[in-house]
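Along the sequence shown, the residues carry numbers beginning at 1. These values consider heavy atoms only, across backbone and side chains, with no hydrogens, waters or symmetry-generated copies. As the structure lists them, so they are numbered: ligands from 1, and atoms in each ligand from 1.
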Amino acid sequence: MCGIVGFTGHVDAKDILLDGLKRLEYRGYDSAGIAVEDDSRINVIRRVGKVSELVSSVGENDCLGGCGIGHTRWATHGAPSERNAHPHTSCAEDIAVVHNGIIENYLELREVLEGRGHTFTSDTDTEVAAHLIEEAYKGDLLDAVRSAASQMIGAYGLAVMCIHEPGKIVVTRKDSPIVLGQGEKGAYVASDIIALIDATRDVVVLEDNEFAVMTPDSIEYYDRIGNAFEPEITHIDWDVDVAEKGGYPDFMLKEIHEQPRVVRDTLAGRMSGNEIVIDELTLSRKELNYVDRVYIIGCGTSYHAGLIAKNLIEAWARIPTEVEVASEFRYRNPIITPTTMVVAVSQSGETADTLAAIRDARVKGAKVFGITNVLGSPVARESDGVIYTKANKEIAVASTKSFIGQVVSLTLLAMLLGRVKGKLTLPQTRMLFSELADTAEQIEYILQDTSAIDEAAKYFEGRTSALYIGRGLGEATCYEGALKLKEISYIHAEAYAAGEMKHGPIALLEDGFPIVAVATKSPTYDKTISNLAESKTRGATIIAIATEGDEEIKKVADYVIYIPRVRDSFMPITASVPLQLLARSVAVARGCDVDQPRNLAKSVTVE
Ligand code: G6P
């Protein structure tokens, strides 16, 4: 949520900042801006809209200089407008600031600062940081930033420059990601590795309340009381091409096509001597055996991965499992005992609600395990153990390959718990693992021919609403399918248990109302077919995801999208793929930006 970049070096900063912002745009895209210092002043250019608007506004002779900061915004305080776009400056315009996060006490701080004569030019919380630093500045930018940080409550990743200390950028953070790296051309900072990976693969992940002082040839690190320290260097080994579309028209399609690899990579090394291995669970088998309740918490797509896992953990390990959206979990008083396992699922590893829920659960004595896609992310750092999904960087805001990575990881966890509890035998586990691995090929097969999906997508032309229905794991799969459609095509879509149709939603049906059904072969297949027949009788048009070879489905479905036969437990992995593609096709036909849907951001670092 909001992306920040900074560069100070021996070449012009402008293009480096703009390129970095393009790569960070998934974090927010309602406005963007850069500030670059020249000999006498800080030049700021800000624009409403996507980074491309900013790029086309910055002329060849604008913003020349080797030190600058930039920002792409997802508005929280203050509407998306030029005056609210970052960078923000002090009264004397000699200090410029970019910020990711929320300064919760900004109103009190603003009142005090206004009382001391500061004039504000925006409605943002961020602007108080610029004025606080101005107020504290006595010739040492690091000291001034430290003083300002000590007065701010909330979350912040901050990069600050000051015309009186040319070529210097001071950085700090609390609960907002910051990475730094020294490249050949100079020193870099960003909210995400992806913005600096072209320059260096050796990065430093700044921790809360730490400070960094960047100059063209070095970056110095200080703790909260001002002691210098040597940071730990993290080497990045993934490929830079994750930031490119690789011939696909959009990142979403590229990422959908990466899913077979994600399945394979997530499973690699997870079976040893016929047993499931998840070393990251820092609990012995004996301790795991004591687990008598599991909570899975997450938001959005990650929550949906949890819904699928609940079915598997209860089926294979017989442990009662609850799935909760993190924003609710943290404000309830969930029953947590020392034998409760909490699994926090988060692609970005920085979702504010999920993080708060983790902290809360740990205070209450639970062991918390994170499932995340981002190395060194707050979820990873604050959990008792972390399982990394092997999706690699996901750029499209609507999650696809990360979801598959999460479901596969949670499936492994369910199998492990089943083993530990003595509910799954070795041969059963071996067979399950092998069938789980087969889903990679099955996804490849689905991706080979998407004509039936594209055909069904045409039906959504002019539609404003749709229902997604299924039973059991089909229902869980529908929640994610419906979310994909509404996120990227803006068509209202709701998921329902098929058996619940007659208790309300059936009243919505009229001629041509689209129903997407997950109606694969499962123990409840016949019941689902009956529910579809009831809907068809009332005029619905049925688009069914069905098992290859199922001819009967054609009696009730107007459009059939076949997927290979698969064990019901693994059906969500394969059935989700046509649902992702369906949503994308509908959105593309409606002219929507599938990678950057309106109002959304890839990581939500505010409550
Ligand atoms: C945002 C994204 C969703 C994502 C959710 C949870 O809403 O737009 O795609 O599922 O956050 O994010 P997380 O990073 O915690 O999985």
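Of all non-hydrogen atoms in Phe403 and Ser576, the two that sit nearest each other are CE2-OG, 3.3 Å.
Taking 4.5 Å as the limit, some side-chain heavy atom of Leu581 sits within range of a side-chain heavy atom of Leu447. Between Val386 and Ile371 the shortest side-chain heavy-atom distance does not fall below 4.5 Å. Here the side chains of Tyr303 and Val345 are not in contact, with every heavy-atom distance at 4.5 Å or above.
For atom 7 (O) of ligand 1, the nearest non-hydrogen atom of the protein is Val604 CG2, 3.9 Å. Considering only non-hydrogen protein atoms, atom 3 (C) of ligand 1 sits nearest to Glu487 OE2, 4.2 Å. Of all protein heavy atoms, the one lying nearest to atom 2 (C) of ligand 1 is Ala601 O, 3.5 Å. Closest to atom 5 (C) of ligand 1, if we only count protein heavy atoms, is Cys299 O, 3.9 Å. Residue, atom and distance of the protein heavy atom nearest to atom 12 (O) of ligand 1 are Thr351 OG1, 3.4 Å. Among protein heavy atoms, the minimum distance from atom 10 (O) of ligand 1 is reached at Thr301 N, 3.0 Å. With respect to atom 16 (O) of ligand 1, the closest heavy atom belonging to the protein is Ser302 OG, 2.5 Å.
By the 3.5 Å distance cut-off applied to N or O atoms, Ser346 is counted among the residues near ligand 1. At least one N/O-N/O distance between Val397 and ligand 1 falls below 3.5 Å. Geometrically, ligand 1 and Gln406 share no nitrogen or oxygen pair separated by less than 3.5 Å.
Dense packing is recorded around OH of Tyr479, with more than 12 heavy atoms of other residues, nucleotides or ligands lying under 6.0 Å away. Surrounding CD of Glu314 are more than 12 heavy atoms belonging to other residues, nucleotides or ligands, all under 6.0 Å away.
Listed by number with element, the atoms of ligand 1 under 4.0 Å from a non-hydrogen atom of Gln347 are 13 (P), 14 (O), 15 (O), 16 (O).
For the pair Arg73 and Tyr29, the cation does not sit on the ring face, since its NZ or CZ is not both under 6.0 Å from the ring centre and inside 45° of the axis.
Ring orientation note: the planes of Phe570 and Trp316 are nearly perpendicular, at an angle over 60° on the 30°/60° scale.
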